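All values derive from a computational prediction rather than experimental measurement.
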Amino acid sequence: MDSPKDAETSPRRARGRPRGWEDNSAQNTIKSLDRAMEVLEYLSSRPGLTLSELAGDLDQSPATVYRILVTLEGRRLVEFDPTEQLWHIGPQAFVIGARFLRRTSLVERARPVLRGLMEETGETANLGIVREASVLFVSQVETHESIRAFFPPGTLSPLHASGIGKALLAEMPGERLEKLRVRPMERFTPHTLASPEALLNDLAAIRERGYSIDAEERNLGMRCIAAAVFDASGEAVAGISVSGPTIRMGEESTHEASRAVMRAARELTAAIGGVRPPVR
């Protein structure tokens with residue numbers, strides 16, 4: 001055992017944060033960095049933007065936004081298409097995102113579950129998590145069929161028009177769902193549940209049966225069945241789904257596919273040490 005003297009002279013481990021780190025006031029933020037992150041995040045949610053579009057959407061001067069873009073381009077976080085004159089998210093953003101995914105065992109442990117689900121159903125299997133008002137797809141195992149659903153990692157989809165999104169919404173506390181009543185919901189197809197009443201009724205049905213159905217609500221001709229994955233505290237932390245064209249995933253195949261999806265959700269929940277809470 002170290003003596004008191006040894007303890008006094010041994011080097012202390014460096015702090016991860018300085019004293020007073022709880023202070024989030026302006027004096028502890030770097031405005032230029034914050035502005036750059038705003039540009040990067042906004043650009044990541046769009047397929048490509050001109051300098052004028054980006055500056056206008058963010059209410060920033062083109063000169064300021066251009067300096068930010070050039071700086072980010074030097075780090076390969078964004079890239080410029082000289083032919084189309086468009087700025088895009090860059091490859092280094094994916095590298096950083098992939099490093100984040102390695103922090104958790106969720107994606108790693110989901111891979112064999114997703115592969116088994118794809119092989120059992122013959123359709124593309126997906127894993128997604130909530131990011132603000134959207135589902136962020138973090139992993140996928142594609143079917144071998146020529147016509148298939150495709151949601152590459154990093155794709156965002158609105159919660160209300162996604163199988164995984166609705167499966168996760170159904171497990172949210174009531175106070176979070178109340179916000180849906182005041183939040184506008186975009187209609188993507190004639191089947192989209194774009195009113196709070198219709199969506200809340202569907203969420204009640206999802207809680208009762210244990211899985212959600214996206215019946216051409218985001219894309220015509222595509223169907224998705226999803227179920228929630230839970231952590232050790234019983235909180236829904238992800239959703240797992242199968243998706244494919246309605247010519248193969250018709251209403252008659254929903255029962256069989258839903259059982260496979262719920263089994264996969266239970267398997268992944270167990271793999272991460274999670275527990276499904278009692279049905280509300």
Side-chain angles (χ1 to χ4, degrees), residues 43-49 86 88-89 94 110 114-115 117-171 180 183-203 205-206 209 211-229 236 238-258 260-262 264-265:
L43 190 61
S44 71
S45 66
R46 301 296 188 276
L49 292 170
L86 295 176
H88 298 271
I89 195 73
F94 174 80
L114 291 173
R115 183 161 299 282
L117 182 58
M118 183 277 290
E119 292 173 350
E120 181 178 358
T121 63
E123 301 296 344
T124 297
N126 314 283
L127 181 72
I129 60 176
V130 172
R131 179 183 175 185
E132 297 178 353
S134 300
V135 171
L136 173 65
F137 289 90
V138 294
S139 189
Q140 180 183 75
V141 174
E142 288 186 76
T143 178
H144 303 301
E145 299 286 346
S146 57
I147 302 175
R148 69 191 76 175
F150 183 57
F151 305 103
T155 298
L156 291 170
S157 183
L159 287 171
H160 73 283
S162 159
I164 289 179
K166 292 196 298 178
L168 294 174
L169 281 174
E171 300 298 334
L180 294 173
R183 179 180 296 159
M185 291 181 285
E186 184 176 354
R187 182 179 294 279
F188 298 96
T189 77
H191 308 288
T192 305
L193 303 180
S195 73
E197 293 73 19
L199 180 59
L200 290 172
N201 287 338
D202 192 39
L203 297 182
I206 292 168
R209 66 176 177 248
Y211 63 91
S212 67
I213 304 173
D214 166 7
E216 301 183 85
E217 294 163 36
R218 182 64 175 86
N219 297 291
L220 289 174
M222 300 302 295
R223 192 176 183 88
C224 173
I225 300 172
V229 175
I240 193 168
S241 72
V242 290
S243 51
T246 53
I247 56 173
R248 292 198 306 268
M249 289 188 64
E251 294 184 10
E252 64 281 357
S253 63
T254 296
H255 185 63
E256 184 177 348
S258 65
V261 169
M262 288 192 291

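Annotation: the span from Ile240 atom CD1 to Leu114 atom CG amounts to 4.5 Å, rounded to 0.5 Å. Atoms CZ and CD1, from Arg46 and Ile89 in turn, are 12.5 Å apart once rounded to the nearest 0.5 Å.
Shortest non-hydrogen contact noted between Glu216 and Thr189 is O-OG1, 2.6 Å. In terms of heavy-atom proximity, Ala227 sits nearest to Val261 at N-CG1, 3.6 Å. Heavy atoms only, all atoms of each residue included: Ser243 and Asn126 are closest at OG-ND2, 3.0 Å. In this structure, Thr143 and Gly122 approach most closely via the heavy-atom pair OG1-O, 2.7 Å.
By the 4.5 Å heavy-atom criterion applied to side chains, Glu186 and Pro158 are not counted as neighbours. Between His160 and Leu193, the closest side-chain pair of non-hydrogen atoms is not below 4.5 Å. By the 4.5 Å heavy-atom criterion applied to side chains, Ile225 and Met249 are counted as neighbours.
By the 6.0 Å contact criterion, CZ on Arg115 is open, its count of non-hydrogen atoms from other residues, nucleotides or ligands being 12 or less. In Arg209, the CZ atom is crowded: over 12 heavy atoms of neighbouring residues, nucleotides or ligands sit closer than 6.0 Å.
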**OP:** Begin with the C-alpha distance, continue with both residues' side-chain angles, and end with the deciding distance and a verdict on side-chain contact (heavy atoms from CB on, under 4.5 Å) for Leu169 and Leu199.
**Re:** CA-CA 10 Å; Leu169 281 174; Leu199 180 59; 4.3 Å; yes

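When each of Ile164, Thr124, Leu127 is paired with Ser241, the side-chain contact (heavy atoms from CB on, under 4.5 Å) condition holds for Ile164 and for no other.
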